[in-house]
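Keep in mind that the numbers below use all heavy atoms, side chains included, and drop hydrogens, waters and symmetry copies.
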Amino acid sequence: MRFPASLLCLFLITVSTFAAEKETTSEKRSARKPLPAAGVLLTFDDRNMNQWVKQIPLFRKYNAQVTFFVDHFHTLTPQQIEALQQLKAAGHTIGCHGLKHRKAVDYVRAQGIERYLKDEIAPAVKQMTDAGFPPTCFAYPNSSRNEEIDQALLKTFRHLRGGTGLTAGQRMRNLKSIYVPVDQIASTGCLLGTGIDYAGTEKRPDYLTEIKDAMDHAKQRGEIVVFYAHNISDEGPGHHLQPRVLEAILAHAQQIGLATLTYDDLP
């Protein structure tokens with residue numbers, strides 16, 4: 001059976017287009033560097049981009065990239081959007097922190113999982129994508145999560161971030177849930193972190209030592225450890241990590257050969 005020339009051309013164009021798209025997808029997958037032997041994921045939450053962007057030279061000094069999780073994207077000013085563009089251009093990852101920073105467990109309990117996805121997740125993802133920041137990762141506001149919500153969100157995001165804290169007298173190196181073996185990252189949908197705001201200040205005078213010790217622990221065991229903070233400034237506003245402390249963390253990572261990773265580095 002002979003095909004008209006026009007149909008044959010259409011078929012060849014379709015096959016060529018499919019092959020090109022497949023090749024592009026393959027190239028994107030292979031472009032992601034293999035994970036190092038161990039690493040640290042530093043993450044920062046909310047809408048402190050006008051402060052975050054000031055630290056680009058500091059991150060560059062230590063060849064470090066981090067992840068910024070943004071909420072209330074629809075309220076951002078042009079200046080804040082520009083700050084996010086600068087952060088992205090510097091190699092940092094911009095992740096989703098929800099539309100209105102709703103506590104997932106409470107909202108799902110009251111409204112159901114489908115309503116949560118419709119009200120809190122879908123519009124946030126669309127707004128970020130339309131602005132040029134398609135998110136591959138999500139951080140739970142207030143670390144409010146459960147397995148049901150994890151499974152629903154992992155249909156949209158490659159990885160999630162929850163959180164946990166230290167009990168009285170507990171050392172950070174013994175907080176097992178914040179460490180993931182490198183060879184298990186790909187199969188771990190939700191990574192748990194612990195907060196490091198106020199480290200090295202009167203409020204948490206021992207935390208910087210604890211953070212460095214936790215990083216040593218991850219390096220020794222071939223794991224990735226996860227931390228989260230909020231603003232990066234000397235006095236706030238809000239929860240914050242001082243720039244001098246951030247530099248001490250980055251310098252220690254460099255000193256011990258612990259890679260600083262973003263969520264987009266993860267398979």
Side-chain angles (χ1 to χ4, degrees), residues 35-46 48-69 83 86-87 90-95 139 143 161 163-180 182 191-263 265-266:
L35 285 177
V40 56
L41 276 170
L42 286 171
T43 66
F44 299 86
D45 295 354
D46 298 341
N48 303 292
M49 53 283 295
N50 289 339
Q51 296 283 7
W52 297 335
V53 75
K54 296 177 182 178
Q55 305 308 322
I56 287 179
L58 178 60
F59 289 122
R60 186 178 295 119
K61 176 180 178 181
Y62 293 97
N63 192 29
Q65 282 79 42
V66 304
T67 303
F68 299 101
F69 288 104
Q86 292 180 45
L87 289 165
H92 303 290
T93 291
I94 311 299
S143 299
R161 196 208 70 208
T164 187
L166 296 171
T167 59
Q170 185 180 22
R171 295 191 62 191
M172 200 175 288
R173 70 159 40 228
N174 296 326
L175 189 59
K176 294 182 179 180
S177 59
I178 67 172
Y179 302 91
V180 181
V182 168
L191 285 68
L192 300 185
T194 196
I196 60 172
D197 286 316
Y198 307 108
T201 68
E202 292 182 1
K203 191 169 184 177
R204 286 177 166 175
D206 300 327
Y207 252 52
L208 179 54
T209 299
E210 286 293 305
I211 292 166
K212 291 180 179 180
D213 188 43
M215 293 163 67
D216 292 340
H217 188 65
K219 173 69 175 179
Q220 294 161 3
R221 294 169 58 89
E223 296 171 332
I224 291 176
V225 61
V226 185
F227 299 124
Y228 64 85
H230 294 80
N231 204 349
I232 306 174
S233 67
D234 287 321
E235 297 181 353
H239 301 309
H240 60 279
L241 186 70
Q242 294 184 343
R244 67 172 181 83
V245 177
L246 174 60
E247 178 160 21
I249 293 170
L250 298 177
H252 187 69
Q254 185 180 79
Q255 180 182 1
I256 66 174
L258 185 68
T260 54
L261 303 171
T262 81
Y263 263 75
D265 292 323
L266 306 183

Has Arg161 got its NZ or CZ under 6.0 Å from the middle of the six-membered ring of Tyr263, at an angle within 45 degrees of the ring axis?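 Judged by the rule, Arg161 and Tyr263 form no cation-pi pair.
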
Heavy-atom pair of closest approach, residues [X] and [Y]:
X: Ser143; Y: Tyr228; result: OG-OH, 4.2 Å
X: Leu175; Y: Gly165; result: CD1-O, 3.8 Å
X: Leu192; Y: Gly163; result: CD2-N, 3.8 Å
X: Ala259; Y: Pro36; result: CB-CG, 3.5 Å
X: Ala199; Y: Val245; result: O-CG2, 3.3 Å
X: Ser233; Y: Gly236; result: OG-O, 2.7 Å

Any chance you could measure [X], atom [atom1], to [Y], atom [atom2], to the nearest 0.5 Å?
X: Tyr198; Y: Lys203; atom1: OH; atom2: NZ; result: 4.0 Å
X: Arg204; Y: Glu210; atom1: CZ; atom2: CD; result: 11.5 Å
X: Gln86; Y: His92; atom1: CD; atom2: NE2; result: 11.0 Å
X: Leu246; Y: Ile211; atom1: CG; atom2: CD1; result: 10.0 Å
X: Leu258; Y: Glu223; atom1: CG; atom2: CD; result: 11.0 Å
X: Gln51; Y: Asn231; atom1: CD; atom2: CG; result: 5.0 Å

Please tell me if the side chains of [X] and [Y] come closer than 4.5 Å, counting only heavy atoms from C-beta onward.
X: Ile224; Y: Leu266; result: yes
X: Asp197; Y: Tyr207; result: no
X: Leu42; Y: Leu250; result: yes
X: Asp265; Y: Thr93; result: no
X: Val180; Y: Val226; result: no
X: Thr43; Y: Phe227; result: no

Got a donor-acceptor contact below 3.5 angstrom from the Thr164 side chain to the Thr194 backbone?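 Answer holds: no.
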
With distance as the sole test, does His230 use its side chain to make a donor-acceptor pair with the main-chain N or O of Asp45 at under 3.5 Å?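 Checking the backbone N and O of Asp45 against the side chain of His230, no donor-acceptor pair under 3.5 Å is found.
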
For side chain to side chain contact (heavy atoms under 4.5 Å, CB included), just list the numbers for Thr260 and Ile249, CA-CA rounded to whole Å, side-chain angles, deciding distance to a tenth of an Å, and then say yes or no. CA-CA 10 Å; Thr260 54; Ile249 293 170; over 6 Å; no

Under the side chain to side chain contact (heavy atoms under 4.5 Å, CB included) criterion, do His252 and Asp216 qualify, and how do the steps go? CA-CA 9 Å; His252 187 69; Asp216 292 340; 2.8 Å; yes

Evaluate the side chain to side chain contact (heavy atoms under 4.5 Å, CB included) criterion for residues Phe68 and Met49: first the C-alpha distance (whole Å), next the side-chain angles of each, then the deciding distance (0.1 Å), finally the verdict. CA-CA 8 Å; Phe68 299 101; Met49 53 283 295; over 6 Å; no

Evaluate whether atom NE2 of His239 has more than 12 neighbouring non-hydrogen atoms of other residues, nucleotides or ligands under 6.0 angstrom away.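 Open.
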
May I have the step-by-step check of side chain to side chain contact (heavy atoms under 4.5 Å, CB included) for Leu35 and Leu261, ending in yes or no? CA-CA 9 Å; Leu35 285 177; Leu261 303 171; 4.2 Å; yes

Would you please classify the geometry between the Trp52 ring and the Phe44 ring as parallel, tilted or perpendicular, with 30° and 60° separating the classes?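 The arrangement is tilted - the two ring planes meet at 30° to 60°.
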
Indicate every side-chain donor-acceptor pair of residues 166-174 with a distance under 3.5 Å to a residue at least two apart or in another chain.
| from | atom 1 | to | atom 2 | distance (Å) |
| --- | --- | --- | --- | --- |
| Thr167 | OG1 | Gln170 | OE1 | 3.2 |
| Gln170 | OE1 | Thr167 | N | 3.1 |
| Arg171 | NH2 | Asp213 | OD2 | 2.4 |
| Arg173 | NE | Asp213 | OD1 | 3.3 |
| Arg173 | NE | Asp213 | OD2 | 2.9 |
| Arg173 | NH1 | His217 | ND1 | 3.1 |
| Arg173 | NH2 | Asp213 | OD1 | 3.0 |

